[in-house]
Amino acid sequence: MKNLFRNNIKQMNGYTPGEQPKDKKYIKLNTNENPYPPSPKIIKILKKFDYKNLRLYPDPTATSLISAAAKHYNVSENNILAGNGSDDILTIAIRAIAGENDKIAYPTPSYSLYPELTDIQGSLRKPITLKNDFSLPKDILSQLKGTSLFIIPNPNAPSGNLFDKALLKKICREYEGIVLIDEAYAEFASDTCLDFSDSFSNVIVSRTLSKSFSLAAIRIGFAIAQPEIIKQLSKAKDSYNTNMLSQLIAQSAIKDFNYTQQNITKIIATRNNYIQKFEELGWNIIPSETNFIFAKPFNITAEKYFHQMRENGILIRYFPGKNTGKYVRITIGTNEEMNSLYKTTLKIMEKN
Ligand SMILES: *Cc1c(COP(=O)(O)O)cnc(C)c1O
């Protein structure tokens, strides 16, 4: 066959998103969605919206959304760029920073989109294997030598733990490339590195409305960094990368953060409650700073547990592989959903 596509694309399998099944009703704890609805203030915005405006292009730089976001994150407007989800921020950063055959580093296990975006760009993968407790290896800085971009989720996914902040700071200070700290779960964590985006000229922090704000459907995320970085990133984005309705919905949700904060508080309480319950069953749970837990089942393999949960109508996530295959990732749902998960777990463990 004639060579119609770039080799790096042809060799890819492509990213597999978590299941969104339509065959029957599941308790869906597999993609870290928020179990609670977003701010009800959104209803008013949608009712007021004049459909005739849909003929117009949206604001290319999402000015009023950026203004609301700047207040919320306590930064200046020239410190923020809006994206079509934080996945778009990752794409923009890679486009702007990593050339073909430049190396992109990221921890493994972490978000499996990073190596896929690396392949699309034609850059080279530099996975950095985490220790057994999912902390960073001691020789991280020497492993980062020669790479252009280091993408690190903090808290990490799928393991759920926060990395050592002092070590991250040292990396930002000494690394010669750009560090992108993916803070998709920061609102569920006890600490964040948002302040690094102000103090370092080589740091980008990304945030999303998908998890804590319950707005995965509208695809809004942000890059927060010094103005010079934002200026360069802006050149690499699609002209109209966030749409009109999403800009409006996102603004109103951000301005109603008190509502969102209540959901975050509920999820953290549910998480901590069920971590304790599962630990009492003999499970090993990685300390979670997110809206999910990474858990090693007791007396049953993770893979078997995953399949049996599915048969019982509960979707969770299983990542085969050397350092993840002993665990399942369970999104924290409502108390009712978690109670069903727990009861089904007792049933499965008894039968096993
Ligand atoms: C969910 C997730 C994202 C994607 O967020 P969107 O804003 O929905 O694109 C990014 N990074 C990590 C680590 C995630 O888990």
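Fair warning: this is a prediction, and the values are worked out from it, not measured in the lab. Side chains are part of it too, since the values below use all heavy atoms of this structure and drop only hydrogens, waters and symmetry mates. Remember, it's 1-based here, ligands and their atoms both numbered in the order they're listed.
Residues satisfying the side chain to side chain donor-acceptor pair (under 3.5 Å) criterion with Asn202, sequence neighbours excluded, are absent altogether. With sequence neighbours left out, Thr242 forms a side chain to side chain donor-acceptor pair (under 3.5 Å) with Gln247. Scored by the side-chain contact (heavy atoms from CB on, under 4.5 Å) test, Ala236 finds Ile92, Arg95, Ala96 as partners (sequence neighbours excluded).
Look at Lys211 and Glu187 and you find no salt bridge, because none of the NZ, NE, NH1 or NH2 atoms lies under 4.0 Å from a carboxylate O.
Under the 6.0 Å distance and 45° angle rule, Lys277 counts as a cation-pi partner of Tyr274.
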Within the protein, flag every N or O under 3.5 Å from an N or O of ligand 1, and note the pair and distance.
residue	atom	partner	partner atom	Å
ligand 1	5 (O)	Ser86	OG	3.0
ligand 1	7 (O)	Ser86	N	2.6
ligand 1	7 (O)	Ser86	OG	2.9
ligand 1	7 (O)	Thr208	OG1	2.5
ligand 1	7 (O)	Ser210	OG	3.3
ligand 1	8 (O)	Ser210	OG	2.6
ligand 1	8 (O)	Arg219	NH1	2.8
ligand 1	8 (O)	Arg219	NH2	3.4
ligand 1	9 (O)	Ser86	N	3.2
ligand 1	9 (O)	Asp87	N	2.9
ligand 1	9 (O)	Asp87	OD1	3.3
ligand 1	9 (O)	Asp87	OD2	3.4
ligand 1	9 (O)	Arg219	NH2	2.7
ligand 1	11 (N)	Asp182	OD1	3.3
ligand 1	11 (N)	Asp182	OD2	2.6
ligand 1	15 (O)	Tyr185	OH	2.6
ligand 1	15 (O)	Lys211	NZ	3.1

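Aromatic rings of Tyr185 and Phe292 (six-membered ring for Trp) have centroids within the 6.0 Å cut-off, being under it.
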